[in-house]
Number of protein chains: 2
Amino acid sequence: MRRPSEPPARSRRARGRSGAVTGPLPADHPCAGCAARLETFCRILDAETLARFKALGSTHRAESHQCLFHEDDPTRFVYNLTRGTLKLYQLLPDGRRQIVGFVHAGDFLGLGTDTAHAFTAEAVEAAEYCRIARGPFARFLDGHRGLARELYLTAAQDLAEAREQMTVLGRKRADERLATFLLELSNRMPPPRARPEVVRLAMNRTDIADYLGLTKETVCRAFTALRKAGLIGLVPGHGVELIRRRGLEALAGGDPD
Amino acid sequence: MRRPSEPPARSRRARGRSGAVTGPLPADHPCAGCAARLETFCRILDAETLARFKALGSTHRAESHQCLFHEDDPTRFVYNLTRGTLKLYQLLPDGRRQIVGFVHAGDFLGLGTDTAHAFTAEAVEAAEYCRIARGPFARFLDGHRGLARELYLTAAQDLAEAREQMTVLGRKRADERLATFLLELSNRMPPPRARPEVVRLAMNRTDIADYLGLTKETVCRAFTALRKAGLIGLVPGHGVELIRRRGLEALAGGDPD
DNA sequence: CGGACTTTTGACCAGGCTCAATAATAGTGG
DNA sequence: CCACTATTATTGAGCCTGGTCAAAAGTCCG
């Protein structure tokens, strides 16, 4: 009753060779947003403190489809993702799945205070992370109030994003949901944005569907609809070019960036 | 573009006379859960500190359909609801509305750190609240780390609830959503529960619909379906009797209480 | 080249939405 | 206390978006 509905098949990411929009997307497509978050974290701690912080934990690697922990597992660690992407999901008894968020490099995970995890954390693509037991982590926090405050801001930000997603799930049509999602990925990177702007999709159609409360077929149709409307272009290697950003924003119904 | 779709008509609460399930539901239907939360808050502060805390702010009253603040308003205050119920909602440009949460007596509001509110807070029924400017509130927090920690736990709890709601909105059918909602209301009160157990709905069908991502007609049909299945009973005066709790839990697809 | 996936498209179906009518409640003034 | 009115809740009929099932096309990698 706690297993994903899809078989645990493994998928490997594209190995693009050229950064041109006409060619495949490079696998090491830069995510300026992730870099910015890592930098924010480091800004709080000087180099020496950061080293002591990292020494508290251990570094690990998760391949695609590996789980860091499952729903209902006891919460033993706090995680900081240093590379890759995770998906966080809840399952209904009959296998229906809802992805409640993606975790990108630089993000913290497991800061909640419950005794058991409310969701499963699974790697979408090969990931590296730093894991720290909760006890040492809490003691470290006691000596670094600035960090504690920063983590509180993180939680508040996550809450705001979760509420935005509630509006997406409760009130938007399929094409509006997809437009919102693509802009969300794009907005992780601070401006100025590259022209043409291309976002890389680390997750497949099924994952996008489970995040947007749709089926993979409907997600495909929505991609096609946006493409035929001239709003996006599909780039080989899991890339999506945002051709008419204003049009996407209008469709997403959100406030323009 | 920021106005609710429904006209701002005013509605007054029922004035029930008898607590029997066969009669109308009393207007002052007790909410033990609210009391428990207030108590948690008070447990952190001794009587004298609590008095000083309250002296920092001012008490206000909001009638049904009055707003404490609107989406995009600058965040100037922190709120503590002492009586009544609020709904928090976001609006799409065309008037579609999503209620991202209800606020009950004892709950804090506005602890997020953004400069602008991400949602509108409107009274569902007559409410009383204590309002404290953010500056004094932050200074008070600096001297009371226990309270700061408690508020962090609150945010973490809100985040967990928002993610649960994402699963409701993304993956559950109408009757499952309603069952989940009714259990949510019921679970606000700590056991042991009264027999027969009756929850009072402070909000109307439209608000429930906007919370569950449905229309008011579908909510009505779901109520009828649960009633015909013998799971609930509708009590005059906005009451719902949970007749077969196990059945509701099975339908909601969540973990049994 | 070949096999396993993933993505895309098509045809059909159904759960929930829209529009509309009726019933039930709550508030008002006599 | 009761008729009268406004609002809310319920039910019905038909439609539409998105789900289901199935098949074809495209990718990835050995």
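All chains are named by letter (A, B, ...) in the order of the sequence lines, taking the proteins before the strands, and each is independently numbered beginning at 1.
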- [ ] Measure the spacing between CD1 of A:Ile243 and CD of A:Glu197 and express it to the nearest 0.5 Å.
- [x] 11.5 Å

TODO: Hey, could you give me each pair passing ring pair (Phe, Tyr, Trp, His ring centres under 6.0 Å) that has a residue in residues 168-190 of chain B? Not counting sequence neighbours.
DONE: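 Every ring pair (Phe, Tyr, Trp, His ring centres under 6.0 Å) pair that includes a residue of residues 168-190 of chain B, provided the two are not neighbours, is B:Phe181-B:Tyr211.
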
In whole angstroms, how far is the [atom2] atom of [N] from the [atom1] atom of [X]?
X        : N      : atom1 : atom2 : value
A:Arg96  : C:dG15 : CZ    : P     : 12 Å
A:Glu125 : D:dC28 : CD    : C1'   : 16 Å
B:His65  : D:dT7  : NE2   : C1'   : 10 Å
A:Arg205 : D:dG26 : CZ    : P     : 15 Å
B:Leu178 : C:dG16 : CG    : C1'   : 14 Å
B:Arg227 : D:dT10 : CZ    : P     : 8 Å
A:Phe223 : C:dT7  : CZ    : C1'   : 11 Å
A:Asn204 : C:dT8  : CG    : P     : 11 Å

TODO: Going 5' to 3' through nucleotides 14-21 of chain D, assign each nucleotide B (protein heavy atom under 4.0 Å from a base atom), S (under 4.0 Å only from sugar-phosphate atoms) or - (no protein heavy atom that close).
DONE: ----SSBB

Can you list everything that forms a salt bridge (charged side-chain N to carboxylate O under 4.0 Å, His left out) with [X]? Sequence neighbours excluded, please.
X        : answer
A:Glu63  : A:Arg61
B:Arg171 : A:Asp210
A:Glu184 : none

Could you go over nucleotides 2-6 of chain D and give all protein N or O partners under 3.5 Å, atom names and distances?
none

- [ ] Determine the contact category for A:Leu234: base if any of its heavy atoms lies under 4.0 Å from a base atom, sugar-phosphate if only primed atoms, P, OP1 or OP2 are that close, otherwise nothing.
- [x] sugar-phosphate

Open item on the list: At 10 degrees resolution, what angle do the end axes of the helix from C:dC1-D:dG30 to C:dG30-D:dC1 form when each is taken over five base pairs?
Closed with: 50°

Task: Residues in side chain to side chain contact (heavy atoms under 4.5 Å, CB included) contact with A:Ala121, at least two apart in sequence or another chain - done: A:Leu68, A:Phe69, A:Leu88, A:Leu109

Open item on the list: Among C:dT6, C:dT8, D:dA9, which nucleotide has an atom closest to any side-chain atom of A:Cys220?
Closed with: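 Nearest listed nucleotide: C:dT8.
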
By side-chain hydrogen bond (donor to acceptor under 3.5 Å, both in side chains) - contacts of [X] (at least two apart):
X        : value
B:Asp158 : none
A:Gln90  : B:Glu164, B:Thr167
B:Gln66  : none

Open item on the list: So, OP1 or OP2 of C:dT9: does either fall under 4.0 Å of a side-chain N or O from A:Thr224?
Closed with: yes

Task: Sequence neighbours excluded, every pair satisfying side chain to side chain donor-acceptor pair (under 3.5 Å) that has a member inside residues 221-235 of chain B - done: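 Applying side chain to side chain donor-acceptor pair (under 3.5 Å) to every pair that reaches into residues 221-235 of chain B, excluding sequence neighbours, yields nothing.
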
Open item on the list: Strictly below 4.0 Å, N to O, side chains only: are B:Arg163 and A:Glu161 in salt-bridge contact?
Closed with: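 No.
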
